[in-house]
Amino acid sequence: MTEINDTNQNERLDFVRQIVADDMASGKWDGRVVTRFPPEPNGYLHIGHAKSIRLNFGIAEEFGGKCNLRFDDTNPCKEEQEYVDSIIEDVRWLGGGFGDKPLFGSDYFQQMYDWAVSLIKKGKAYVCDLTAEETRQYRGTLTEPGKDSPCRNRSIEENLDLFERMKAGEFPDGSKTLKAKIDMAHPNINMRDPVMYRILHAEHHRTGDNWCIYPMYDWAHGLEDSVEGITHSICTLEFENHRPLYDWFLDALEIYHPQQIEFARLNLTYTVMSKRKLLQLVKEGYVSGWDDPRMPTVCGLRRRGFSSEAICNFCKVIGVNKFNSTIDFALLEHCLRDHLNKTSPRVMAVLKPLKVVITNYPEGQSEEMDAINNPEDPNAGTRKVPFSKVLYLEEEDFMEEPVKKFFRLAPGREVRLRYAYFITCNEVVKNDRGNIVELRCTYDPETRGGDAPDGRKVKATLHWVSAKHALDAEVRLYDHLFNKENPDEVDEGNTFLDNMNPNSLEVVTNCKIEPFLRGTKALDRWQFERIGYFCTDTDSSVEKLIFNKTVGLKDTWAKIQKQQQK
RNA sequence: UGGGGUAUAGUGUAACGGUAGCACGACUGACUCUGGAUCAGUUAGUUGGGGUUCGAAUCCCUGUACCCCAGCCA
């Protein structure tokens, strides 16, 4: 009996898991559950793939089965080793345990070829001389039936001979194909004698020049599933039309026959998910690369500071269905904050520094204040934060003429410096142009640690960094790559590129960070108190610290400001 | 105009003939040494029209809307 993990009976199963559970109950597959995640190595994985990865690997984990990572590498023209490597890394990162090694569809090329021969022998496949253009014409249209190829009734012997010579390389690219003999008048166009093999004298990233004929998806995919003993072959909705063909090949061959199940792919607001468009963004330099922190790619999200836990939880929360929907990006951010809040150490960082001199603090003196690393996690411990006479505060935490509901620092007003003292602003120093360049404040020594013995309250607590102890850093702030919920919604003659957000990246230099972050390593995650979650960028070094803003903290003040502007 | 799918609050997702629930968002309020977190509350929904039934989101009929398919891509 197979153990079922993690499937809380109270939690309703999605329709895919329901099918699997029913099959387990009926013993349809003898208690086996084998799924697969079958990417084509022609691009980087994105958050949409994460949904599929979590579905397939999740089902395997929950039902005590296994999930194969299998590269569907049947098109040598578009596929590269670089993509294989990145996909393996990303699947592992998302918790995909696929055993010692990934599998490759190309490893089954010989088996597929043998099966093709057997189909020819059954009179169910033939070599066709039609060109690509002619094939299109013979196929008919959505409303009109196609017509039979003149090659359709070649003898089995001739087909066998021709197919072997195709494989041997006797014919140029595109001159011949092997087609399944089904029905040129079938209402489902996929069934109108689909191409099984095309001639491609191209170098394959794994099989080199061993082959010059390559199997088409419809022919190859079911065979790969069959070879691996897949039970549930889960794919996206657009393959629904292909299922009759999937079934036809397996039935014609009379071999092990998995069940194909289709679900809706993920759509997210403010982003594009098509490989073609993501490739275009990279190739045409709209972003710095596949792992640009603004990209919805798995490596982009990772570099941005997303945790795999957050992504996995998101995949769980969004569910699985058969109809197209677009998930609000805010839900992803919610899952992100939810995990980061519990796990990220807090630290103080000032993005836009405003110099503050504590006039009554002794010159040259400094002291160390105790700070809690993570109030959500007692095990995270505490650290010392240096305090001295000259500090940096966040520029936007001061207003010379405070508007209503602004209760941070202002002339004559007292606020708390987190883990330090209460300070009161006495003087605003400006330069020739009238810009504020310095604040002169006094502190109350009695409030050390952040509490007033007389019980007086302040309405704000600000983050700060001691000037002489501060580390300089560059911080990269990100916003959506597109400024429209649906970037593909464009006016006549425009493309999704016209919806790009020109302000999706803001580089802030001369940020001041508390010394605790000296020696931080790439991909370390932090919460900059009162600002947001950040992670150390892969470009960061001891000489030059660089941080990426992962996502901001919820900001009710920003909300109030927005309302006030109206 | 062929075939294949799908419709539940703003968004996403449950309810499997028996009180339409949950999450995100939005909006209140409480609390707070992060205007964070947390907590409490408010908001808002079954694609239209017929039927069957004591009772329908669910079953039947019939409209409507949206998605996918005419690569030698996957």
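Heavy atoms only: backbone and side chains are in, while hydrogens, waters and symmetry mates are out. Every chain is numbered from 1, with letters handed out A, B, ... down the list of sequences.
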| request: To the nearest Å, give me how far apart CZ (A/Phe314) and P (B/U13) are. | output: 11 Å
| said: Check this for me: does the side-chain of A/Arg346 come within 3.5 Å of the base of B/U34 through a donor and an acceptor? | reply: yes
| request: May I ask you to verify if any side-chain N or O of A/Lys559 is less than 4.0 angstrom from the OP1 or OP2 atom of B/A26? | output: yes
| query | Nearest of B/U6, B/U11, B/G35 to any side-chain atom of A/Phe323? | reply | B/U6
| Between B/C39 and B/C31 - C1' atom distance, rounded Å | 8 Å
| request: Output yes when at least one side-chain N/O atom of A/Lys554 is less than 4.0 Å from OP1 or OP2 of B/G25, else no. | output: yes
| request: Identify whether any heavy atom of A/Lys342 sits under 4.0 Å from a base atom; if not, whether one sits that close to sugar-phosphate; answer base, sugar-phosphate or nothing. | output: nothing
| Quick one: does A/Glu376 reach the base of B/G36 with a side-chain donor-acceptor pair under 3.5 Å? | yes
| task | Please state whether the phosphate of B/U34, meaning OP1 or OP2, lies under 4.0 angstrom from any side-chain nitrogen or oxygen of A/His463. | result | no
| task | For A/Arg243, answer base if it contacts any base atom (sugar-phosphate contacts may also be present), sugar-phosphate if it contacts only those atoms, and nothing otherwise; contact means non-hydrogen atoms under 4.0 Å. | result | nothing
| task | From the options B/C24, B/C16, B/U34, select the nucleotide whose nearest atom is closest to the side chain of A/Leu331. | result | B/C24
| request: Would you indicate which nucleotide in B/G25, B/U34, B/G36 comes nearest to any side-chain atom of A/Ala330? | output: B/G25
| request: Any chance you could list the contact pattern along nucleotides 65-74 of chain B? Use B for base contacts, S for sugar-phosphate-only contacts and - for none, protein heavy atoms under 4.0 Å, 5' to 3'. | output: --SBBBSBBB
| task | Report the base-pairing partner of B/G12 (Watson-Crick or G-U wobble, both distances below 3.5 angstrom), or none. | result | B/C22
| field | Between P of B/G36 and CG of A/Leu336, the distance in whole Å | value | 18 Å
| Looking at B/U1, B/A14, B/G35, which one has an atom nearest to any side-chain atom of A/Arg12? | B/A14
| request: Provide the distance between the two C1' atoms, one in B/A56 and one in B/U8, to the nearest whole Å. | output: 14 Å
| said: Both A/Gln18 and A/Leu417 contact RNA chain B. Taking the nearest nucleotide for each, which residue is further toward the 5' end? | reply: A/Gln18
